[in-house]
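Encoded as structure tokens, the structure appears first; notes follow it.
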Amino acid sequence: MISKKLQDAINAQINRELFSEYLYISMQAWFANQNLDGCANWMDAQGKEERFHAMKFFNYVIERGGKVELKAIEQPTIDFETPLKAFMAALNHEQFITKSINDLMDLAIKEKDHASRGLLQWYVDEQVEEESAADKIVSRLKMIGSDIHALFMLDSELGQRVFTPPVAPA
Ligand code: OFO
């Protein structure tokens, strides 16, 4: 059975993952209003990924005999000003999430909870991808600057993203 301390910490992380979904669909709405449908699609896929992250923790808590306690989800930012600022906000958010996953791992190590360490390693690896994906788009948007044609090309590329549930460890 999972300790109360770890259970509470994972419940807090479930809230952060659900907030992440909320933040990304807020970005999706903003991009859709800018008629950048490819960027909106990318955010839609990212929101679905966050939901997957939340539910993976959710199922784990239950599997370990713990109690899932859902808390209120904070309102996300609704105006992002420019595509670059939106993706920079996404990158900053992922860096924040990485830190919270690392803190959870520290707690699992302290509690000698090996099952949770295994689960959290999956998230540690996932965060490498999450940060890298956002960082790459930020870099490209910086190169694009005010070149509308290049922005539309990137938008079209981001429109190809499809959410596929990440493969969980065996
Ligand atoms: Fe759940 O990784 Fe992004 O926030």
Side-chain angles (χ1 to χ4, degrees), residues 2 6-32 36 38-64 66 68-81 83-109 113 115-141 154 157-169:
I2 198 165
L6 207 43
Q7 172 192 292
D8 290 349
I10 294 180
N11 273 319
Q13 188 64 28
I14 289 172
N15 184 271
R16 284 190 280 272
E17 300 291 349
L18 290 174
F19 171 77
S20 302
E21 179 188 17
Y22 226 38
L23 176 64
Y24 287 120
I25 61 171
S26 183
M27 290 178 179
Q28 177 188 353
W30 184 81
F31 276 115
L36 289 167
C39 292
N41 172 72
W42 194 94
M43 292 299 172
D44 175 42
Q46 187 60 35
K48 287 177 177 142
E49 192 150 329
E50 299 304 345
R51 170 83 175 184
F52 177 91
H53 294 167
M55 295 312 290
K56 189 174 170 70
F57 274 127
F58 179 107
N59 291 328
Y60 176 76
V61 169
I62 292 171
E63 206 178 346
R64 293 287 310 278
V68 169
E69 288 173 6
L70 299 179
K71 307 274 196 296
I73 303 170
E74 193 189 320
Q75 183 184 8
T77 303
I78 49 175
D79 282 320
F80 297 94
E81 297 176 51
L84 176 59
K85 283 187 181 170
F87 275 98
M88 279 175 69
L91 177 58
N92 286 340
H93 181 68
E94 288 309 326
Q95 288 165 341
F96 162 73
I97 292 294
T98 298
K99 187 186 176 313
S100 68
I101 294 287
N102 288 342
D103 289 346
L104 270 173
M105 181 63 107
D106 289 345
L107 181 60
I109 291 168
D113 185 331
S116 294
R117 286 174 64 176
L119 174 88
L120 289 163
Q121 188 59 50
W122 182 88
Y123 284 90
V124 167
D125 297 341
E126 179 76 358
Q127 281 310 119
V128 173
E129 281 178 36
E130 296 275 290
E131 281 193 38
S132 162
D135 188 44
K136 192 169 182 178
I137 299 171
V138 165
S139 300
R140 290 173 69 183
L141 283 167
L154 177 65
E157 185 186 321
L158 298 185
Q160 306 303 311
R161 182 178 179 188
V162 177
F163 170 70
T164 38
V167 179

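For reference, positions follow the sequence shown, starting with 1. Ligands are counted one by one from 1 in listed order, and the atoms in each one are counted from 1 as well.
- Near Ser20, meaning under 4.0 Å from any of its heavy atoms, are these atoms of ligand 1: 4 (O).
- Under 4.0 angstrom from ligand 1, there are no non-hydrogen atoms of Glu49.
- Aromatic ring centres of Phe57 and Trp122 lie farther apart than the 6.0 Å criterion allows.
- Ionic pairing of Lys99 and Asp103 is present here: one or more N-O contacts between side-chain nitrogen and carboxylate oxygen are shorter than 4.0 angstrom.
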task = Start with the C-alpha gap between Glu21 and Arg16, add the side-chain angles, then the distance that decides, and say whether salt bridge (Lys or Arg N to Asp or Glu O under 4.0 Å) holds.
result = CA-CA 9 Å; Glu21 179 188 17; Arg16 284 190 280 272; over 6 Å; no

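- The side chain of Glu94, and not its backbone, has at least one atom closer than 4.0 Å to an atom of ligand 1 (non-hydrogen atoms only; side chain from C-beta on).
- Protein heavy atom closest to atom 2 (O) of ligand 1, with residue, atom name and distance, is Gln127 OE1, 2.8 Å.
- You'll find the ring centres of Phe31 and Phe80 outside the 6.0 Å limit.
- Glu126 lies apart from atom 1 (Fe) of ligand 1 in this respect, since none of its N, O or S atoms is found at a distance under 2.8 Å.
- Residue-ligand proximity, Glu130 to ligand 1, at heavy-atom distances under 4.0 Å covers atoms 2 (O), 3 (Fe).
- Nearest N/O/S atom of His53 with respect to atom 1 (Fe) of ligand 1 is recorded as ND1.
- Glu17 contributes OE1 and Glu50 contributes OE1; the angle these two atoms make at atom 1 (Fe) of ligand 1 is 80°, rounded to 10°.
- Results of the side chain to side chain donor-acceptor pair (under 3.5 Å) test with His53 over Glu50, Arg51, Lys56 single out Glu50 as the only residue that passes.
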task = Would you check, one step at a time, whether the test salt bridge (Lys or Arg N to Asp or Glu O under 4.0 Å) holds for Arg161 with Asp44?
result = CA-CA 9 Å; Arg161 182 178 179 188; Asp44 175 42; over 6 Å; no

